[in-house]
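Everything on this sheet refers to the single structure shown next.
Remember, it's 1-based here, ligands and their atoms both numbered in the order they're listed. For the single chain, residues carry numbers from 1 onward in sequence order. Predicted model, so just to flag it, every value in this text is computed and none were measured.
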Amino acid sequence: MFSKYRFLVTCHPKNLEYILKTNFNNFPKGENFREIFTTLGVGIFNVDSDTWRLQRKLAHAGLVLGEFKALVANTSRKVVEEQLVPLLAHAAEEGFCIDLQDVFSRYAYDINMGMIFGRYENYLHIARLILYYRNIVPSFLWKFQRLCRIGSERAIIKAQKMRKDLLAGVETDDLLSIYIKALSDNGSIFASLARKDNYLKDEMLNLFLAGRDTITSALTWFFWLVLTTPSVKAKILEELNSALSLARRTHTWPWVFRPDDLKGLVYLHAALCESLRLYPPLPLNRKYVVKKDILPDGSVVTPGMEILLSFYSVGRMQWIWGEDCLVFKPERWIAENGKLIADQTSRFVPFNIGARSCLGKDTAFTQMKSVVAAMLFNFHIEVVEGHHVCPQQGTTLYMKNGLQVSVDKRTVD
Ligand code: HEM
């Protein structure tokens, strides 16, 4: 039974380059992929060939538009300032421990609702209510209240239903609007997509998941690495301190960073790349073989075979990264002249490489930088002693037990 399933697992950068770039057309996602990921429907992650080309063109036009980038920057800043910082301040005041993975997943949910649908679920606000009520009453009581939909739990259920406009008073150009506009133009090359059953619904779901799960995972592992490597944390803080203009540094707590403050920060960018190298949010990529081929390392692949590309392993190979391959060392991304090493070779693959590389890379860095700056600069965060960190098996690299931390307000001398 198992002999029918033929597959090859590889993490050799030359093989990856060949499969994802040089001979891309011979390695589509394939039917098995679509059978496994039926929930993605006809969205961009689940299609190949000409359909994929057209969908990518539209996604590219949507995600790289100037207006959309501005929306991402504004939305990130707003969710961070109005939701994330107050939530952490509340935890600090009340002395609660919080699960950062849960907080990031709510942050990513809120921000994606804003970016994609121009709407706002306010999940961080809900988290705040939950933190407060569920910490001061015995657990049987809040569980009973939830069951009967009474008291504070009723408020939480109501809050979950609440929707309000994220950028009231600010012109929005969310992805859904961009797509509707493109699809309803009969003269446009995208008009054929509008005739595909469920296209818009599936595409929005794909884009939502693309941004939510990856950002949650990336931020959670990044914080764990930084919080447990004091020398890196100190360097990031030093860089943030110099990025904050004098006028705003003398301001009172909390200190706020604008997206422009964060753009040129070399060390912060290097630390994010280094964390993504060790913990790529999407650890595996799957490809199908159309025609017989020989990979650069000599492996022969035949029609119908599946190839698993281990992005997780590429980042951890001693022969690729050197003896300190398992050490969290942002310095490896910085050249002697102090500039970032733009590592475009096939050894840095968390965003995929080649024709199907991530279209949200810039968006992801904008979001992550605004969270990291606000959290590290305004709070002392520590991993709870004895908390066991380990990866959870899955298509996205989550932490099995979340990331429990304690939070305190930080002062700046
Ligand atoms: C740290 C955050 C992120 C990481 C590590 C990441 C990684 C990846 C990877 C590995 C792929 C290839 C997936 C595959 O071939 O099956 C991909 C594709 C894609 N990503 Fe991201 N991503 C991130 C954030 C985002 C964000 C915020 C968006 C925007 C909403 C986004 C949009 C996309 C899209 C549209 C594709 C599909 C490209 C295609 O198939 O042509 N990503 N991403």
Side-chain angles (χ1 to χ4, degrees), residues 16 19-21 24 27-30 33-34 36-37 40 42-65 68-69 71-73 75-76 104-105 107-109 111-117 174-176 178-179 202-222 269 271-288 307-312 314-315 346 348-372 395-398:
L16 264 57
I19 293 165
L20 298 167
K21 282 182 167 174
F24 173 76
F27 303 101
K29 293 208 166 182
F33 185 95
R34 280 183 273 285
I36 294 169
F37 294 96
L40 297 174
V42 293
I44 188 164
F45 283 105
N46 227 4
V47 287
D48 282 313
S49 59
D50 288 347
T51 318
W52 162 73
R53 263 180 209 98
L54 195 59
Q55 288 183 216
R56 181 161 174 109
K57 206 171 238 178
L58 181 51
H60 187 265
L63 287 160
V64 300
L65 271 184
F68 181 71
K69 284 196 168 163
L71 176 77
V72 172
T75 314
S76 311
F104 292 143
S105 121
Y107 160 81
Y109 184 97
I111 202 168
N112 274 286
M113 285 302 283
M115 267 168 30
I116 298 176
F117 303 109
D174 56 86
L175 266 188
L176 180 60
I178 293 171
Y179 268 73
D202 289 350
E203 197 68 307
M204 292 304 115
L205 175 74
N206 277 236
L207 293 171
F208 185 81
L209 296 177
R212 193 199 60 175
D213 297 358
T214 49
I215 294 284
T216 303
S217 156
L219 281 172
T220 310
W221 288 105
F222 174 85
H269 195 91
L272 284 164
C273 291
E274 179 68 345
S275 158
L276 289 163
R277 170 182 77 85
L278 288 166
Y279 295 99
L282 301 178
L284 274 180
N285 199 281
R286 194 185 168 116
K287 294 286 179 183
Y288 175 85
I307 306 182
L308 297 179
L309 311 174
S310 177
F311 289 176
Y312 183 84
V314 190
S346 39
F348 183 61
V349 290
F351 292 99
N352 205 351
I353 53 168
R356 283 197 96 130
S357 64
C358 178
L359 286 169
K361 188 174 171 185
D362 290 349
T363 302
F365 275 112
T366 305
Q367 291 179 26
M368 293 190 293
K369 285 176 186 172
S370 84
V371 171
V372 172
T395 45
T396 307
L397 193 63
Y398 282 121

| For ligand 1, is any non-hydrogen atom under 4.0 Å from Asn285's backbone (N, CA, C, O), its side chain (CB onward), both, or neither? | side chain
| request: Compare Asp48, Ile215, Leu207, Leu40 and give the one whose heavy atom is closest to atom 35 (C) of ligand 1. | output: Leu207
| Heavy atom of Gln55 under 4.0 Å from ligand 1? | no
| task | Check ligand 1 against Trp52 and write out every atom of the ligand that is under 4.0 Å from a heavy-atom position of the residue. | result | 39 (C), 40 (O), 41 (O)
| task | Over all heavy atoms of both residues, which pair between Leu207 and Asn112 is shortest? Give the atoms and the distance, please. | result | O-OD1, 4.3 Å
| task | Measure from the side-chain N and O atoms of Arg212 to the backbone N and O of Tyr109, and report whether any donor-acceptor pair falls under 3.5 Å. | result | no
| Identify the closest protein heavy atom to atom 36 (C) of ligand 1: which residue and atom is it, and at what distance? | Phe45 CZ, 3.6 Å
| Taking the non-hydrogen atoms of Phe365, is any one of them nearer than 4.0 angstrom to ligand 1? | no
| request: For atom 10 (C) of ligand 1, grab the closest protein heavy atom and report residue, atom and distance to one decimal in Å. | output: Pro350 O, 3.3 Å
| Side chain Asn46, main chain Phe37, donor-acceptor under 3.5 Å | yes
| said: Please report whether the ring centroid of Trp221 lies less than 6.0 Å from that of Tyr312. | reply: no
| note | Closest heavy-atom pair, Cys358 versus Asn352, reported as atoms and distance to 0.1 Å, is N-CB, 4.4 Å
| request: Not counting sequence neighbours, which residues clear ring pair (Phe, Tyr, Trp, His ring centres under 6.0 Å) with Phe351? List them please. | output: Phe365
| field | Selection from Arg356, Arg56, Lys29 by shortest heavy-atom distance to atom 41 (O) of ligand 1 | value | Arg56
| task | To the nearest 0.5 Å, tell me how far Phe33 CZ sits from Leu40 CG. | result | 6.5 Å
| request: Answer with yes or no whether Ala59 contacts ligand 1, where contact means a heavy atom under 4.0 Å from a ligand atom. | output: no
| Sub-3.5 Å donor-acceptor pair from the side chain of Glu203 to the main-chain atoms of Ile44, do we have one? | yes
| said: Can you name the atoms of ligand 1, numbered from 1 with element, that are less than 4.0 Å from a heavy atom of Pro281? | reply: 5 (C)
| task | Output, by chain and residue number, all protein N/O/S atoms separated from atom 21 (Fe) of ligand 1 by less than 2.8 Å. | result | Cys358 SG
| query | Quick one: do Lys287 and Asp48 make a salt bridge, cutoff under 4.0 Å? | reply | no
| Separation between CG of Leu282 and OG1 of Thr396, rounded to the nearest 0.5 Å | 5.5 Å
| query | Is Asp213 close to Pro281 at the side-chain level, that is, under 4.5 Å between some pair of heavy atoms? | reply | no
